[in-house]
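The structure appears right after this line, and notes come after that.
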Amino acid sequence: MNAAGTCKTVDDVEILVTRSPVGAIVVGSITALQRQPNPEPRYWFSTQHDYALNSMGLPNLGMDYYETALPHMATLCSRYNQPLIVSVAGFSPEEYARLALFAYDHGANLVELNFGCPNIWGDAGQKPIVSFALDLMQEILRLVSHTLGARKVSVKLSPYSDPSMIRAVAELLSQYPVVAAVVTSNTFPNATVFDKEGTPYISGTGLAGLSGSVMKPIGLGQVVQFHQYLPEHIQIAGVGGISTQKDVRDYLRAGATVVQIGTSYIQIGVSVFEQIMGGSSL
Ligand code: RRO
């Protein structure tokens, strides 16, 4: 499937359902209010080293748009027999719960809680990334569980360098039956690259999420470790540096049951899915 961030409108969904063999569509991340993107330049791809930096700033059209758009997206997806997954990002535990319920009420088949957006800055600096704030994660899961009842979520996490944190997060997620899947991983936060003059390629602080091929060994390591610590009923979606069938096989070997593709979809376009799957259904 595509990774969140690559599909935000009804037109984006239509391209994926009609022109790609993906197994599910991921829309979002969506927030309660519409958000404008961060100032340009906010995306940079190194052709030399095959990685990308982004500081998009969670741009999306907000609940006003998705109230009518999600039912259209759901109709399109069901016409093509594809589940609709809606990625949500709240600015408080209450907002995560509200958005998760909203997504289900408007046609989502599964909700993905985005705990890994690295690019939200306010007057007080960078907003906490939920993946690294376990008390906040716990409060979100508590409220989401309470709000959704029997319905499930997947949880998209940032990559962790501290193995003990992976274990702690896996233990925390295991305590919440609402968690059906872990998506690992989001971009590596706060990377930066300078041009020849020493100016960062990304505006603002210059700090941005790192993605692309360089993330594959890191993503695979996250999958292996989560596979070790998570109970069997929590599935793993692998993300990071996937652009070939071998990449997909490696993620499946590491313990993922599905994969998501972000940067190579942006760089290559919708043909990347056909190219990777080569006619087979992975
Ligand atoms: O929009 C973004 O800046 C963004 C998000 Br929400 C995310 O989850 N991961 C990322 O690299 N960028």
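For ligands, and for the atoms within them, numbers begin at 1 and follow the listed sequence. Note that the structure is a prediction, hence the values are computed from the model and not measured. Along the sequence shown, residues are numbered consecutively beginning with 1.
- Of all atoms in ligand 1, numbered sequentially from 1 with element shown, those under 4.0 Å from a heavy atom of Asn114 are 6 (Br), 7 (C), 8 (O).
- Ser55 and Asn38 share a donor-acceptor pair across their side chains, judged by distance under 3.5 Å alone.
- In this structure, a donor-acceptor pair under 3.5 Å is present between the side chains of Asp162 and Ser164.
- The two residues Gly241 and Asp247 come nearest to each other via the heavy atoms O-OD2, 3.4 Å.
- Checked by atom type, the side-chain pair Thr263/Ser211 shows a donor-acceptor distance below 3.5 Å.
- Shown in contact with Leu58 at under 4.0 Å from a heavy atom are these atoms of ligand 1, numbered in order with element: 1 (O), 2 (C), 3 (O), 6 (Br).
- Using a 4.0 Å cut-off to heavy atoms of Gly57, the atoms of ligand 1 that qualify are 1 (O), 2 (C), 3 (O).
- Every atom of ligand 1 with a heavy atom of Asn119 under 4.0 Å away is listed here by number and element: 2 (C), 3 (O), 4 (C), 10 (C), 12 (N).
- With contacts defined as side-chain heavy-atom distances shorter than 4.5 Å, the pair Arg35/Ile120 qualifies.
- In summary, the atoms of ligand 1 found under 4.0 Å from a heavy atom of Thr187, numbered by their order in the structure, are 9 (N), 10 (C), 11 (O).
- Below 4.0 Å from some heavy atom of Asn186 lie the following atoms of ligand 1, by number and element: 7 (C), 8 (O), 9 (N), 10 (C), 11 (O).
- Distances below 4.0 Å separate heavy atoms of Asn54 from the following atoms of ligand 1: 2 (C), 3 (O), 4 (C), 10 (C), 11 (O), 12 (N).
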